[in-house]
Amino acid sequence: MLNRASKPFVKLVERYLPDPYIFVLLLTLITFAFAVVIQNQSPLTTIQQWGGGFWGLLTFSMQMLLVLVTGFMLACTPLVKTLLERLASVAKSPGSAIVLVTLVSLIASWINWGFGLVVGALFAKALARKVTVDYRLLVASAYSGFIVWHGGLAGSVPLTIATPGHFSEAQIGVVSTSETIFSGFNLLLLAIMFVIIPLVNRLMLPPESESIIVDSAKLQDDALPSPTNERPADKLENSKVLGLLVGFAGLAYLTNYFVSGGGLNLNIVNTLFLFLAIILHGTPRNVLHSLQQAVQGGSGIVIQFPFYAGIMAVMVQSGLAQTMSEWLISFASAESLPVWSFISAGIVNIFVPSGGGQWAVQAPVILPAAAELGAEVSRVAMAVAWGDAWTNLIQPFWALPVLAIAGLKAKDIMGFCLVQLIVSGVIISMVLRFV
């Protein structure tokens, strides 16, 4: 049934969804129009806000790029690729391949979003080399596991409010992850997603006559360069000792950091992935080869994130983000506020595709509303987190790493993701409202 239901969405998206770069240009113009019409900003003021914020997320952009690059480098290590290849052998049919890639992506995304995106895409390619299956749905299934990241171990919102000194501490104090990531309702949501997301993907599987199959020969990964020892420098580039010494030095730093009470953040995650990749690749030559492959998928982040920074600046400085959120929660109650927070976060995420950035935008609106209505702060905060993750299903920006690795375009997978958006949106809203 879902296969037939998904067809119109797939055709609609294939026909009308532009490239993510076009999408960000259109969003920029739409944001301009909303700021002028709704917030009564002058065109010049709006452009100044946009231009002033255009380069405001350079540090974060580099962190995001490194999450992709280091995650890719780690996922491309011989150990991880061997594990993925062996796991891919478990799939014996198109249906089992769809379910398996979804589950692996869900688990990896729960651990860390960057790792999940890269592992999911690489595993999809490994499965496509072994099983004849619709490649569009296979990659869409790999991306759909991304929906759980903000309820997982690297969730920006729960980790932010669990950090002493966070910007909302005066209002809500420090909220332990036992009340957010490891709360009963969040664990229930995760459990449901681990069942429903693979099931929905399986039910969308088209018959073989309608499937888009990719020649497995085109999905082969680039072979590692053959080591040479023609120059003295070659011995250094092929030296395992050099890489291992530096790699274990990095792990020693991280061990001391965690023993001293340090917590997870983007820099620490990138450091961990980088030094694990250095160790597991063995030689500097192999590290550099994986780096060359990894940076090819980062072009979208490099060119698009400044535009999103500009959009975010207009949304915040013009008051548009607050207006949108305030309108949605103006008719809320203590019981329904998490649901409306979830929906508003999903809408704002289309314009501000950054979990941390979105919390900075919505917290000043959501938290006073929660205090006034007597709503549970931890639930409202996680509702914003899930809203951010929810509409990532149709936000082409975060699909860029997956698409780059898989060799597809956003229009190839977003029709399937739109079906997941509808199904998961209903489920998340129900849990936030009634559990």
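- For Trp149 against Ser156, the heavy-atom pair with the smallest separation is CH2-OG, 3.5 Å.
- Considering only heavy atoms from C-beta on, Val133 comes within 4.5 Å of Leu205 through its side chain.
- A side-chain N or O of Trp386 and one of Asn186 form a donor-acceptor pair less than 3.5 Å apart.
- Here the closest heavy-atom approach between residue Ser105 and residue Phe146 is recorded as OG-N, 4.2 Å.
- With a 4.5 Å cut-off on side-chain heavy atoms, Val90 and Leu87 count as touching.
- Across every non-hydrogen atom of Gly56 and Ala309, the tightest pair is N-CB, 4.4 Å.
- Inter-residue side-chain proximity for Ile427 and Ile196 is flagged as met; some heavy-atom pair is nearer than 4.5 Å.
- Interatomic distance, CD of Gln317 versus CD of Gln41, reported as 9.0 Å (0.5 Å rounding).
- Although no hydrogens or angles enter the test, the distance criterion places no donor-acceptor pair under 3.5 Å between the side chain of Trp55 and the main chain of Pro306.
- A donor-acceptor pair shorter than 3.5 Å cannot be found between the side chains of Ser318 and Gln49.
- Scored by the side-chain contact (heavy atoms from CB on, under 4.5 Å) test, Glu169 finds His166, Val174 as partners (sequence neighbours excluded).
- Side-chain contact between Ile405 and Gln293 is absent, with no heavy-atom pair separated by less than 4.5 Å.
- In this structure, CG in Asn112 is found 9.0 Å from CG in Leu117, a value given to the nearest 0.5 Å.
- Side-chain contact between Phe416 and Asn201 is absent, with no heavy-atom pair separated by less than 4.5 Å.
- Taking CG of Asp388 as the reference point, atom CD1 of Ile147 lies at 11.0 Å (rounded to 0.5 Å).
- Of the candidates Val139, Leu137, Leu138, Leu137 is the only one forming a side-chain contact (heavy atoms from CB on, under 4.5 Å) with Ser141.
- Between Thr323 and Ile38, some side-chain heavy-atom pair lies under the 4.5 Å cut-off.
- For the atom pair CD1 of Ile343 and OG of Ser336, the computed distance is 9.5 Å after rounding to the nearest 0.5 Å.
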Check the pair Tyr143 / Asn392 against side-chain contact (heavy atoms from CB on, under 4.5 Å), numbers first and verdict last.
CA-CA 10 Å; Tyr143 183 58; Asn392 279 335; 4.1 Å; yes
side-chain contact (heavy atoms from CB on, under 4.5 Å) between Thr180 and Ile161, intermediate numbers included
CA-CA 9 Å; Thr180 53; Ile161 62 178; 4.0 Å; yes
Is there a side-chain contact (heavy atoms from CB on, under 4.5 Å) between Phe273 and Val69? Walk through the geometry before answering.
CA-CA 9 Å; Phe273 279 31; Val69 169; over 6 Å; no
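- Shown here are the side-chain contact (heavy atoms from CB on, under 4.5 Å) partners of Leu27, two or more places apart in sequence or in another chain: Phe23, Tyr308, Ile311, Ile350, Phe351.
- Here the closest heavy-atom approach between residue Met73 and residue Ser290 is recorded as CG-OG, 3.5 Å.
- Scored by the side-chain contact (heavy atoms from CB on, under 4.5 Å) test, Thr82 finds Arg86 as partners (sequence neighbours excluded).
- Classified by interplanar angle (parallel below 30°, tilted 30° to 60°, perpendicular above 60°), the ring pair Phe307/Trp50 is tilted.
- Between Thr177 and Pro158 the shortest heavy-atom distance is CG2-O, 4.4 Å.
- Using a 4.5 Å heavy-atom cutoff, the side chains of Pro368 and Gln171 are in contact.
- Residues His281 and His289 form no side-chain contact, since every pair of their non-hydrogen atoms from C-beta on lies 4.5 Å or further apart.
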Run the numbers on Tyr135 and Lys125 for side-chain contact (heavy atoms from CB on, under 4.5 Å), then give the verdict.
CA-CA 9 Å; Tyr135 191 57; Lys125 290 180 67 175; 3.5 Å; yes
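- Put simply, CD1 on Ile278 and CG on Asn286 are 12.5 Å apart, with the number rounded to the nearest 0.5 Å.
- Rounded to the nearest 0.5 angstrom, Asn256 CG and Leu251 CG are separated by 12.5 Å.
- Screening Thr70, Asn270, Val302 for a side-chain contact (heavy atoms from CB on, under 4.5 Å) involving Leu65 leaves a single residue, Val302.
- Closest approach of Ile197 to Ser424, counting heavy atoms only: CD1-CB, 4.5 Å.
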